[in-house]
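Worksheet: one structure, shown below.
Naming: A, B, ... by sequence-line order, numbering from 1 per chain. Quick note: numbers below take in every heavy atom, side chains included, and nothing from hydrogens, waters or symmetry partners.
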Amino acid sequence: MAEMSAPKGVRDILPEESWKWAYVFRVVQETARHFGYSEVHLPIFEHTELFSRGIGDTTDVVEKEMYTFLDKGDRSITLRPEATASMVRAYLEHRMGTMSQPVKMWCAGPMFRYERPQKGRYRQFWQVDFESIGASSPYADVEIIAISLELFRRLGLRRLEVVINSVGCPECRPSYRKRLTDYFESRKDHLCETCLGRLERNPLRILDCKRDGCKAVTEDAPDVYDSLCGECREHFDVVKDSLDALGASYRLDKRLVRGLDYYTKTAYEILSGELGSQNAVCGGGRYDNLAEAIGGSHVPGVGFAAGVDRIVMVMEQQECSFGSAPSVEVFAVALDDISRRNVLQLVDMLRRNGIVAEMDLAGKSMKAQMKAASSRGAQFACILGESERAGGTVMVKDLATAEQQEISLPLLVAELKNKLTSTRKG
RNA sequence: GUGAGCGUAGUUCAAUCGGUUAGAGCACUGGACUGUGGCUCCAGAUGUUGGGGGUUCGAGUCCCCUCGCUCACCCCA
């Protein structure tokens, strides 16, 4: 039944998984607070132009991966493929340049890219995005990298690889680009077809081609580091020194590129070996020319985005803790129809007192209610029948030990809380 | 956009060389046990074999198309 299934490349996060996601978001939120980043909620769609100018109209993302449509007012609208452009747009639109700089914000939400789905890649996927806008100092870059490291440390991710590079700035990149183009031009016949295309549009991209032939050619390609201008070199040195000071290990990789003019200086990614071929769990860098590209004044910025789907995937693979799973503390059981009314009141009273309580909603027999109580994972069953009604009591059964105890109604909450504290967390 | 593998019940899988009415475990519902879950036993419900077309006396099985899933290329978080 095609009409009964979700569109290709999207997925439902169901109860068995959603509590794990909630845990990840809680950790993100807390980490953001400790680093002084404020949460913002930005729109899921924007003017198409924001992305074609902000991301670059020669990128694959903009050329063929965007969900773009005309709305009823004939405006070209695009479901956001990433969050950075919106962040900078919001910064400019709300004149955040008048605030104390940098402005540090984060957001979380779904992103959309029309791509062929595969492991760790969906058409709707979730990212958490941190941006530090308005400071050009390398310490802003370092803080961004540090947040992502601390976030993953708190989540318990292991065996991550941090890869960093500097892609230069509008001062030094053109000359590097020229040297690179000249170099590849002379070895054209060794390049694959896609790289021949890249040669004209974006020669930096050839550096991370995975084909053996191209890889071999890139071995002797001009080094980015030799081409960095003084400012970029100094910036990069401070970033590296600071990471050393923080005890963070990283690998330099001159193949890591962001070929567009708005991306400047620091570029980094954090990779995990548990993800298959979509191995980046986080990626980011500096974009000092993005604000201008989307029509604003010159505002430097740096940030990262981390993929929530992939984070959860790695955490599951590495059996990381997601805190405690939601659990039912009390399941109230009615022995007859008259007791159902009392059970309803009982459950209501327990909930008001902060106890996780449930009851049968399907009109089941007592036996089936008991079964439901244990399949829901309840710790206690509170049984209510004719004799309990008469005595103003409730029969409390510990479902793990099968011990039973009749407790009078006024004492019930205190008794239950007492029994629960031994197993309760947080 | 390109390539490969796979689609049978909610789920995991079975069904001989193409042969009758497509089965089983788990899960679900009910009962044995009329006020006590887990264990056991019994019973029940659930399928357009992803969809369409073709070959054949006969198709879950073979062929074509299509859709979907998975992985990889590509790209990225």
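Within a heavy-atom distance below 4.0 Å of RNA chain B, the residues of residues 278-288 of chain A found are Q278(A), N279(A), A280(A), V281(A), C282(A), G283(A). Within residues 13-34 of chain A, no residue is approached by RNA chain B to less than 4.0 Å at the level of any non-hydrogen atom.
Under a 3.5 Å cut-off, the side chain of T218(A) and the backbone N or O of A221(A) do not form any donor-acceptor pair.
Computed from coordinates, the Y122(A) OH to U70(B) C1' distance equals 11 Å when rounded to whole Å. Going from atom NZ of K119(A) over to atom C1' of A77(B) covers 16 Å, rounded to whole Å. Per the geometry, CZ belonging to R123(A) stands 17 Å off P belonging to C76(B), to the nearest Å. Following rounding to the nearest Å, K8(A) (NZ) and U70(B) (C1') show an atom-to-atom distance of 11 Å. Whole-Å rounding puts the E65(A) CD to G1(B) P distance at 12 Å. What separates CG of D309(A) from P of A77(B) is a distance of 14 Å, to the nearest Å. Atom P of nucleotide C28(B) and atom CZ of R376(A) are separated by 12 Å, given to the nearest angstrom. At whole-Å resolution of the value, CG in D129(A) and P in C76(B) are 17 Å apart.
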### Query
Which nucleotides of nucleotides 33-47 of chain B have their base under 4.0 Å from a protein heavy atom (B), which only their sugar-phosphate (S), and which neither (-), written as one string 5' to 3'?
B-BBBB---------
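Within 3.5 Å, no donor on the side chain of R11(A) pairs with an acceptor on the base of C69(B), nor the reverse.
Pairs of Watson-Crick or G-U wobble type, with distances under 3.5 Å, assemble into runs of 3 or more in RNA chain B at these ranges: B:1-7 with B:67-73, B:10-13 with B:23-26, B:28-32 with B:40-44, B:50-54 with B:62-66.
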### Task
For ring pair (Phe, Tyr, Trp, His ring centres under 6.0 Å), just list the numbers for W106(A) and Y37(A), CA-CA rounded to whole Å, side-chain angles, deciding distance to a tenth of an Å, and then say yes or no.
CA-CA 6 Å; W106(A) 72 279; Y37(A) 285 66; 9.2 Å; no
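Using a 3.5 Å distance cut-off with no hydrogens or angles, the side chains of K419(A) and Q405(A) do pair a donor with an acceptor.
Annotation: side chain of T266(A) is in contact with side chain of H235(A) (closest heavy-atom distance under 4.5 Å). A 4.5 Å side-chain heavy-atom check between P300(A) and Y287(A) finds every atom pair outside the cut-off.
Contacts of F125(A) with the nucleic acid, taken as non-hydrogen atoms under 4.0 Å apart, include base atoms. Residue G377(A) is classed as having no contact, given no heavy-atom separation below 4.0 Å to the nucleic acid. No engagement by A306(A) is indicated, since no non-hydrogen atom pair under 4.0 Å with the nucleic acid exists.
K64(A) has no side-chain polar atom (N or O) that falls below the 4.0 Å cut-off from OP1 or OP2 of C74(B). In terms of phosphate contacts, Q118(A) brings no side-chain nitrogen or oxygen within less than 4.0 Å of OP1 or OP2 of U70(B).
Take Y225(A) and apply the ring-ring contact (aromatic ring centres under 6.0 Å, His included) test, not counting sequence neighbours, and it matches F236(A). By the ring-ring contact (aromatic ring centres under 6.0 Å, His included) test, Y122(A) is found to be paired with no residue, residues two or more places apart in sequence or in another chain being considered.
When L157(A), N279(A), L155(A) are each tested for a side-chain contact (heavy atoms from CB on, under 4.5 Å) with V314(A), only one passes: L157(A).
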